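What follows is one structure encoded as structure tokens, with my remarks underneath.
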Amino acid sequence: MVTYKSDFLKELSARGYLRQCTDEAALDKLACDEIITAYIGFDCTAPSLHVGSLIGIMMLRKLQQAGHRPIVLMGGGTTRVGDPSGKDETRQLLTDEKIAANMAGIRQVFDRFLTFGDGPTDAIMVDNADWLDELNYIAFLRDYGRHFTINRMLAFDSVKSRLDREHSLTFLEFNYMILQAYDFLELNRRLGCRLQMGGSDQWGNIINGVELARRVDSAEVFGLTTELLTTSSGAKMGKTAAGAVWLNSDMLSVYDYWQFWRNSEDADVGRFLRLFTELPLDEIAKLEKLEGSELNEAKKILATEATALMHGRAQAEAASETARQTFEEGQTAQGLPSVEVSKAELEAGMGLLTALVQAGLAQSNGEARRHIKAGAAKVNDKPAKDERGQLTLDDLNEDGVVKLSIGKKRHALLHLT
RNA sequence: GGAGGGGUGCCUGAGUGGUUAAAAGGGACGGGCUGUAAACCCGUUGGCUAUGCCUACGUUGGUUCGAAUCCAACUCCCUCCA
């Protein structure tokens, strides 16, 4: 491992963020000498970011902590084009309204990780629609298009994998990398941005920007990528039974977010502690040395610390307590994700299948039925065998709720409105 | 513009007139073992008001008692030629 002089790269390196860098020696020197302005772009393809983006968000945070200035680039313009990286199929074109709504959802998380404002190291948020929307086609092609060769573009993974797999890649999407490269140039001109960061899948797009800035403005800018977030067993991370691990709490409850981290594989605990918590490294070193079931303590700390960064300490502690009651004491913890039902509905008798679906424990009645058949469904911790079963007021426990479970880990409560 | 090949479920990929809601693998989920881990073993994997009905093999139409399978048009992709 290279030894860095700057606080920024020292920290990133020590915590295992770094994958590739266009010129680490020069970037290291720059980080020592001046305040670097750096950015990461986030496309607005969903109403929330998910854990896959968290590593980037953390990097922006580290950047600011090291005394530099982060830019959050919202891809209001590029989302209208669609990044082909890692996608087999052309993305559905999103409407402008949808993009605006997604952007509003995504913005929320950054306040938790960054300090925004007008100071020299305060974070800023910009939208690339501000400059992409007004580009003139011919002028753009003449000024910038001539710096890109098709030969090179075809060699990029994002393009190549599409072509290799005999999937179509539209000209629209093909332009994505040019626009992303142009973003970097534009941010360099407007805000003096010197560094673009991103996941390793963005490497191709990033070096395009670095190249473009050098060719057009003779500007020296840098690119830096992180490892993609995968589990030790190689799976892409970020999925749960319910879907993606969203960062916004209206998309995924704080409790489920906590659970996601709690369920990390043994082999990932140390790595995740370094990447996604701000515990001191020596403490992490101790935690990851724990063996066997003792490692569960480290997982709990990981879960609580990571959740605290995202949702605040109080909520993280609450999720932790809910989990403790549920798993260690076998109680019906009030903090479990819950859905409300009307008294009338329960009085009339509510189908067990319907209840499981409403509680988000199954996607369809059919799935709920299968779970019941497999013996995975429980009502108030008692196995539910009857697919035609009804829930009534009698099923309310002493706390006035019905606890529904699928398997050992997934629980939800029915509350009366 | 010409010739040939192809479009199957979350993904890869079999299937060339009926027993096909569609082989197999992957992934995912559930059960077992455990430590809310990994590995391993077993099971499940279109929807519904469910002994039935609906939707589904690129799209639309046709042939047939019956079509993912045959025909036609359209569309998209791949390879070669121009």
Side-chain angles (χ1 to χ4, degrees), chain A residues 84 86-90 92 154 159-174 230-245 255-273 287-304 307 319-331 333 335-337 348-354 356-357 360-378 381 383-388 390 404-412:
Chain A
K87 282 274 164 185
D88 278 350
E89 305 292 337
T90 303
Q92 283 254 305
L154 290 178
V159 172
K160 224 173 100 205
S161 70
R162 260 311 169 82
L163 297 181
D164 287 350
R165 303 182 73 178
E166 305 189 354
H167 285 126
S168 69
L169 175 74
T170 63
F171 184 65
L172 176 74
E173 298 171 280
F174 191 55
T230 53
T231 68
S232 290
S233 23
K236 246 193 208 165
M237 226 172 115
K239 294 282 187 182
T240 68
V245 180
Y255 170 79
D256 285 324
Y257 189 77
W258 192 93
Q259 281 296 320
F260 167 74
W261 295 106
R262 171 63 181 86
N263 283 308
S264 299
E265 295 176 23
D266 284 10
D268 289 324
V269 172
R271 194 163 58 104
F272 288 176
L273 279 167
L287 286 172
E288 72 177 331
K289 280 214 191 75
L290 294 174
E291 302 243 336
S293 58
E294 289 185 353
L295 198 54
N296 281 331
E297 290 310 312
K299 290 187 189 179
K300 288 179 206 166
I301 292 169
L302 166 64
T304 302
T307 307
S320 172
E321 175 58 18
T322 300
R324 196 186 63 77
Q325 290 173 7
T326 304
F327 288 96
E328 293 174 27
E329 296 182 4
Q331 291 178 3
L336 290 170
M350 185 182 197
L352 179 55
L353 299 177
T354 315
L356 288 170
V357 173
L361 295 174
Q363 306 252 343
S364 67
N365 286 0
E367 189 186 327
R369 199 182 308 270
R370 285 191 291 273
H371 281 134
I372 292 171
K373 262 189 205 145
K378 294 197 191 75
D381 298 317
K385 295 269 187 231
D386 184 9
E387 334 174 340
R388 291 165 185 280
Q390 299 274 318
L404 298 173
S405 314
I406 291 293
K408 289 176 188 159
K409 295 192 198 173
R410 298 167 60 201
H411 308 281

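Just so we're on the same page: letters track the sequence lines, and every chain starts at 1. These numbers come from a predicted model, not from an experiment.
If you take atom P in A23(B) and the same atom in G43(B), they sit 15 Å apart, rounded to whole Å. C74(B) and C11(B): their C1' atoms are spaced 28 Å apart (whole Å). Only the C1' atoms considered, U63(B) is 15 Å distant from A73(B), to the nearest whole Å. C10(B) and G4(B) are spaced 32 Å apart, taking the C1' atom of each and rounding to whole Å. Atom name C1', nucleotides U64(B) and A72(B): the rounded distance is 16 Å, in whole Å. Taking atom C1' in both G7(B) and G58(B), the straight-line distance is 6 Å, to the nearest Å.
With A37(B), C29(B), U36(B) as the candidates, the nucleotide lying closest to the side chain of K299(A) is A37(B). Side-chain atoms of W258(A) lie closest to U36(B) of the nucleotides G30(B), A38(B), U36(B). The side chain of H371(A) lies closest to G30(B) when the candidates are A37(B), G30(B), U36(B). Comparing U36(B), A37(B), C48(B) by their closest approach to the side chain of D266(A) singles out A37(B). Here G30(B) is the nucleotide among G47(B), U36(B), G30(B) with the atom lying nearest to any side-chain atom of I406(A). With U36(B), A37(B), G31(B) as the choices, the nucleotide that has an atom nearest any side-chain atom of R262(A) turns out to be U36(B).
Taking a pair to require two hydrogen-bonding distances under 3.5 Å in either a Watson-Crick or a G-U wobble arrangement, A73(B) pairs with U59(B). Nucleotide G18(B) has C65(B) as its partner under the Watson-Crick or G-U criteria, with both atom distances under 3.5 Å. Using Watson-Crick or G-U wobble geometry with both donor-acceptor distances under 3.5 Å, G1(B) finds its partner in C81(B). In this entry U12(B) has A24(B) as its Watson-Crick or G-U wobble partner, both defining distances falling under 3.5 Å. The base-pairing partner of G35(B), taking Watson-Crick or G-U wobble contacts with both distances under 3.5 Å, does not exist among the strands shown.
R369(A) comes within 4.0 angstrom of a nucleotide base, judged by non-hydrogen atoms across all strands. Looking at heavy-atom distances under 4.0 Å, Q259(A) makes contact with a base. R370(A) comes within contact range of the sugar-phosphate backbone alone, with a heavy-atom separation under 4.0 Å but no base atom that close. Residue G292(A) is in base contact, counting any heavy-atom pair closer than 4.0 Å across all strands shown.
Taking the centre of each ring, H411(A) and F327(A) come in below the 6.0 Å mark.
Taking 4.0 angstrom as the limit, N365(A) places a side-chain polar atom (N or O) nearer than this to OP1 or OP2 of U49(B). The shortest distance between the side-chain N/O atoms of K408(A) and the OP1/OP2 oxygens of G30(B) is not below 4.0 Å. The shortest distance between the side-chain N/O atoms of K409(A) and the OP1/OP2 oxygens of A37(B) is below 4.0 Å.
Using the six-membered ring where Trp is involved, Y257(A) and W261(A) have ring planes that are perpendicular, over 60° apart on the 30 and 60° scheme.
A salt bridge does not link R370(A) to E367(A): none of the charged nitrogens lies less than 4.0 Å from a carboxylate oxygen. Salt-bridge check for R271(A) with D268(A): passed, with a basic side-chain N closer than 4.0 Å to an acidic carboxylate O.
Taking for each of E291(A) and K378(A) the nucleotide of RNA chain B with the nearest heavy atom, the 5'-most of the two is the partner of K378(A).
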